[in-house]
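Comments concern the structure below.
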Amino acid sequence: MNDIFALTPTQSSPPAGIGTVLSCCQGVLSSSFGIIYRAKYELMVELLGKLCFLACHCLTYNHANTLQVLNVLSISIKQYAILQRQQSNRNRLFTHVVTQLFEPCLLLRNAFNNYVFDKDRNIEIHQLVRDVGSNIEIILQTGLFQAELLNCFKEELLSQMEKSEKKKGPCKDYLTPVSSMLAKLEKIEWREEKKLSLLAYSVPFLYKLFLDSYCRDGNEIFCFQMLVKLFRCLCTPFTIKQEDLKVSFSQWSIGLNALENMLNLVLDHNIYNIAEDNIKGNGSQYKFFRSLTEILVCDPCTLSLPWFNCLKTLNSLNHFIVEPDLSEILRACFNADVSDIRIKKSFETLIGSLLLTYTKLRQFPKLFEKVLLAICHLTTEKLSDPVLLSVLTNKLKEFLVQIPSNQMLDMWVMVLEKWQLSNIKDDPSLSFKLEHLASLLHCLMMNIKSLDNNTPVPVLQRFQNLMKQISEELILPSLTILTKNYVTDETLWLQKICKVALMLLYTWIEVNTVTALNCDKYLSQMCKLCLPLDLPLEHWDFSIFFEDKNCWKKMYDLCRPSDVVSMFYLGLLSIQKIKLLLMHIYIPNENERLTVQASASFFVNSGISILNHKDLCHIPYSGNINSNNNSLPVAQWHFIVSNITILLPYISFDDMNNIATLILETHLPVYDERKKVDNEVTVAFREISKSFLQSDSFSEMCILQSIFITSILNRCAMLLTKEAVFYEILDHLSFKDSYKLVNPRVNDSYDDSMYATNMKNALQLICSLPKMDKSLFLSDPDIKLLSNLIELISMLKLDSLPPSDLCRCFFFLLTFANASFLKSPYFASVCYKGLTCLLNGTHANHVFKIAYASDILKVVMAHTHSAHWNVTDLDDHHMLKLLDTMNEFFDTFLSLVIKRKQSVRKNLEQCTSFMLNSISNTERTFWSTFACQLHIVTLKNLCHHLTFAIQEHHAKGDHIESFNYCLKQTAAKLKTVIQQSLDIAVCSPFLPTLLVTSTTTLFEAERCMDGNLKNIELYRVFFSQIMKELCYAEKQNAFLKAALHYLTLCISEREIYLTQQLATSVFIAVGNLLASPWFNKDLLHNAEIELQHLLNGVTENCSCEEFHTLLKFVFQKLEVGNLWRQNYKVLFAGITMIKLLLNCPLQEDKSTIFWSSASQIMSALVTLNMEACKERLPLSAAVLPVLETIALFLRRGETLLSNPHHVTLSLSTLLMVSLENVKAEDYYSIILAIHEVLFSVLQCHTKVMLKSVPTFLSCFHRLVASVMHEGRQKGDKGGTCIAKCVKLVKRMYTHIAAKTEEFTVFSTFIVSQYIHELQKVTLQPEVRTHLTEGIFPILDLCIDRDVKFLNMSLQTGAREVFKELYQDYTSHYKTRNQEEEKYTV
């Protein structure tokens, strides 16, 4: 078989019988005949080598037998790995691997790397390739890089001087493993085009195996020498062909990939140690890495992804490696073709790495100077590419905030030195260079740390001089050149200098203003403002900053035609002009008001023109718009929204309308399609608008908010122009001049009669909609757009709307909540959620000034009656959400009707009458529809609020008879509806919950009317059915809570349950519910209130004999046998029921019975905890619930526990709990549980604790030690978790210190324990701070004698820790306390 496998790769096609031979081989290896190979090691090695060659052949030519070959190879390689581990002669093993397996294994890995997988057809092959590849790595690492061969590798790699220091012993047989491997690698016979790929893929792989085996502390130089050997092997093809390695290697892309991988391995394994290299290696490593840098920099014409990555890694090793060639590297980077997104990303990474390095070194200006030189040497073509500048400025922004102000000013000076305005007409590239320099200066100026009164005077003075220099040498000369060379024709250099001047002027004004506001010592460089203004200033006139009016007129004419960037900066200058005037004006005169209005209008209009510019392809705004014009639209929208608060009082209503339209459009998908913006930009626009809509500022802008609502209504009307009724409703709601109702300037003089008329007309049309029963036919895009508009209304802060807008929104949502064409429960729920929010608003009463409550209810109910939604055909989640929303709407609506106390009787009578009439003629089949469930919701809420109205008005005696009559009719109808629904037996996931809550409401209504239950049979049916289904209510949280509430009501009515043991039956049902497999802690937390109320009723209404039976039932669940049988849910139920009983207000006789069983309860809990700790069960299974219950048991038994042994047992229980190897998610819970038990003992059982102080302190010390161990700097529990735990420890220290009399004697012991634990670990700063604050109150208990004792008894290291701690205590904590005591006296 071995011979056949050896011959097959030499043939063009596999022989016919190769499949049979492979099957035979597989059978032999998989059976007892495999001993033939396993008994003779050389035979197995030979087989494995031949199979590797065969697999390479099959993968290369995609033979049909590939899968079969890989199967046989997988079996053989696994068996060989077992034999390899059994070899005792390590030298022989190495020789076999190098001579027979080295070449085939590397060739096979290379074939795996080059093989193209078809995901659909080659799933099995892909899995086999992964398995075989991992096994190849194992056998090569085990055979070539054995621990026993370490000295042989050192013998060969280290220099003669290092041998005596490094090697631990001589090799028995002189072996040259490195030379053997590299010689074999270089002699591999393979096609020339594949040889380089094999070499580049294998060398980093071998280095990785070498490092994984031998890279340990102290072996760094030894590992470096292996890197040198392997790199020389990598360069072998070029040293043979060419003498100039630098030129050839840098052009070999695969070789650069290999070098990148090797350098990453060096970095990951911390091989390069600068100090060790200088002391022991005479800088050999530095010289080698410098040579690599020279190779990379020598020919950077073919810049590639690994080229950037290699330089980044070399810089990470040591910045001195790349620093001599830094200028050439930066120049090459800026000349790179960044059209390829991967090259661009690598360029960003390299630049970011350099910036980070020099930021940490505090040498940022040094790097920035070289960046400036590189930019100045760029060609015009490269300077015109905005991507490079964009990358650079974005990266600069990340680090400039960390740069000291003095260094920032150094960089300002560098830019000023490179500034050159002469010969700008003659040099086409000069205008581009100035644009780049201005962008960099803008970035530097906008990101300098704001100066304040604490800034050193030399820095402030230098800053002031540079600001003056920028204005005199950059801004004013640029304006002068523009004025002198003004021409009507568009000239490129003029446009560039115009953009530069405006950019620098805006930046200069912004920085000057902010500094003047923050720093009183700074003298503003701006000319003094002459106020009041004699004449209003034009929007383009910025002479209040620089130059005269004629200069700005020319400037405006020059930049107006097409340069959107210049227009953008003119808009920002307008904002600066507005801010400057408003800061100096208390009450503006007419000229000043006109100036501000003109500037505000110009800013808004120019911004809208930029947003609508056709030639701009929108891209995200990164905070810097100088480098790319396409980010202008998002930037402009950001600035409009940011300054809207300042602009709003001074812009016209047309401008407000334009802004409102833009807010609306940026939320709609139509805007994205029209502008052809990508998803990231869409998110940017939408997030800006959304944050503005949901801000408090927008809700206070009543006029803009009103106009925005009108825009939404108009947009909806545009969709429904063919639907006369809907269009007319929207026309009434969006009437002209609606904003004047909320405008304080015209509100007093505005006649609101038109508003009232429009609202009433709209209401009449809304009321007529159900009668028309007219179907609307809208396309899916129109329905989607309409749905977006409805969601947009609900996004506003509806509860803060002014009355007029609240009413308009209410009727708008009411219209579309009842629009059957939407056919979506989701959007109906959105509408009703908005309506509910409006009814909760401050001005909700205004809705009822226009419409009667009964009229609104008629509209809603008419729609629900005509809504033919089939429950089974709709999404259950959305239907459930709609039912909940409708329930909330009716609840809020009827509550408001009663709370208004205006026409309460009339409204409730009309609502009752309408409801009863609308349901009276329904067929029995109606109750199978979703509309039935909505009617039940309405009836239930009406019945509930009538009950509430009777209870509220009973004391006054107002309208009681009328309310009682309405309630009787409603209750009778509700009973009929419930019975009919039960008879139909509809399969619905919502009906059970709805029927239970409705029956509960009916129960409460009958008790409210006369106290007699007339529907006792109905209540019995529900009671028995709930008792049966309670344990099967999985994933029905609403039903579960409703059922528990119903059972709580039934407990007090014994006639509901025919037998006498009602309370016992309910208690057992609750126990079975808690023991259900699906019941968990989350459900318990969700239904805990209902469960507690139910058990309160059970304990209140049961006899003493029944209560004794209940306790027996609980004790059965607490038996330790349940833990042994792994019935954890039964234990959970028992422990939970004990906790619930502890929270019940027990009567005296039942309390006596319960606390007389305290010994049994405590013994059960302690036994459970002990067994759970022995079995090492998950903490959440038993330990945590037990400890929580013990803590509650001790608190409730403060005056009732007579046996002190119970308290002692609780402390012993804590000592059993293991705090080691606790999962991060359970750690805080267990620490909290232990803390609560200790706190309960300390606060509630002080006398018992005094007799058990050693045990108490031992428990607490375990807590402290565990938190210190996990809070060390290398802890893995997470900062938030440990922070919460250490606060608990600090709190316990405080509680202990508060017991001064009890713990004064033990204070020395507590401090000593703390010091010993603190000495063992290095804590995180936050953890150390909290623990120190906790131990300080304990030190307060120590008198001078105790301090001396600690100083004498502690060992040397611990004594130093204590001295440092006590010094902090005396200098901070003790001094502060003494001052507070003096103040108190």
Side-chain angles (χ1 to χ4, degrees), residues 852-865 883 886-901 903-924 926-927 929 931-954 958-983 991 993-1019 1021-1022 1042 1045-1046 1049:
Y852 287 112
S854 56
D855 292 337
I856 297 173
L857 186 64
K858 286 177 184 178
V859 173
V860 175
M861 291 310 303
H863 165 62
T864 59
H865 189 72
L883 270 177
M886 292 288 288
N887 182 54
E888 189 178 353
F889 167 75
F890 285 124
D891 184 39
T892 307
F893 177 79
L894 293 170
S895 294
L896 187 60
V897 169
I898 296 173
K899 288 178 183 178
R900 288 182 70 238
K901 297 182 180 179
S903 304
V904 177
R905 181 179 62 83
K906 182 179 179 181
N907 277 314
L908 289 178
E909 285 178 350
Q910 289 182 350
C911 290
T912 304
S913 175
F914 173 75
M915 281 298 305
L916 297 177
N917 291 334
S918 64
I919 300 177
S920 59
N921 298 323
T922 55
E923 300 177 359
R924 292 178 68 87
F926 169 73
W927 305 113
T929 64
C932 149
Q933 299 177 37
L934 292 178
H935 275 72
I936 296 175
V937 167
T938 314
L939 272 174
K940 180 193 67 144
N941 276 285
L942 183 59
C943 191
H944 171 73
H945 285 284
L946 281 169
T947 305
F948 175 75
I950 290 174
Q951 293 171 347
E952 188 178 74
H953 289 77
H954 192 273
D958 298 339
H959 314 305
I960 293 299
E961 293 182 4
S962 175
F963 290 157
N964 271 318
Y965 177 75
C966 292
L967 182 58
K968 285 179 182 179
Q969 288 185 309
T970 308
K973 178 56 68 176
L974 183 60
K975 173 200 169 185
T976 305
V977 169
I978 293 171
Q979 288 179 335
Q980 289 180 348
S981 300
L982 290 175
D983 294 339
L991 203 53
T993 305
L994 194 56
L995 291 178
V996 171
T997 54
S998 301
T999 308
T1000 304
T1001 304
L1002 183 62
F1003 191 111
E1004 292 173 337
E1006 288 192 356
R1007 290 208 306 191
C1008 175
M1009 285 187 289
D1010 51 14
N1012 297 323
L1013 300 180
K1014 300 176 182 179
N1015 300 296
I1016 196 70
E1017 289 299 325
L1018 178 65
Y1019 302 142
V1021 169
F1022 268 88
H1045 180 55
Y1046 180 78
L1049 292 177

query = Out of curiosity, F893 CZ to N941 CG, how far, rounded to the nearest 0.5 Å?
reply = 11.5 Å
message = Between S913 and E909 (side chain of the first, backbone of the second, donor and acceptor by atom type, cut-off under 3.5 Å), is there such a pair?
response = no
query = Would you call the rings of F1003 and Y1019 parallel, tilted or perpendicular if under 30° counts as parallel and over 60° as perpendicular?
reply = tilted
request  = Kindly indicate whether a cation-pi arrangement holds for K940 with F890, taking the cut-offs as under 6.0 Å to the six-membered ring centre and within 45° of the axis.
outcome  = no
task = Could you grab the distance from atom SG of C1008 to atom CD1 of I950, nearest 0.5 Å is fine?
result = 4.5 Å
message = I'd like to know whether M886 forms a side chain to side chain contact (heavy atoms under 4.5 Å, CB included) with V860, so could you lay out the CA-CA distance, the side-chain angles of the two residues, the decisive distance to 0.1 Å, and finally the verdict.
response = CA-CA 10 Å; M886 292 288 288; V860 175; 4.0 Å; yes
message = Does any part of the side chain of L857, heavy atoms only, come nearer than 4.5 Å to the side chain of N907, both counted from C-beta?
response = no
query = Side-chain contact, heavy-atom cut-off 4.5 Å: L995 with F1022?
reply = yes
message = Any side-chain to backbone donor/acceptor pair from D891 onto N887? Under 3.5 Å, distance only.
response = no
key: Residues, nucleotides or ligands: over 12 heavy atoms within 6.0 Å of F914 CZ   = yes
task = Could you tell me the separation between the NE2 atom of H944 and the CG atom of L974, rounded to the nearest 0.5 Å?
result = 13.0 Å
query = When rounded to the nearest 0.5 angstrom, what distance separates CG in L1049 from CD in E1004?
reply = 5.0 Å
ask   = Say you draw a straight line from OG of S962 to CG of L967; how long is it, rounded to the nearest 0.5 Å?
value = 11.0 Å
inquiry  = Between F963 and V904, is there a side-chain heavy-atom distance shorter than 4.5 Å?
reply    = yes
message = Evaluate N1015 against I978 for side chain to side chain contact (heavy atoms under 4.5 Å, CB included), listing each step before the verdict.
response = CA-CA 11 Å; N1015 300 296; I978 293 171; over 6 Å; no
key: Interatomic spacing from CG in N964 to CD in E961 - rounded to 0.5 Å   = 8.0 Å
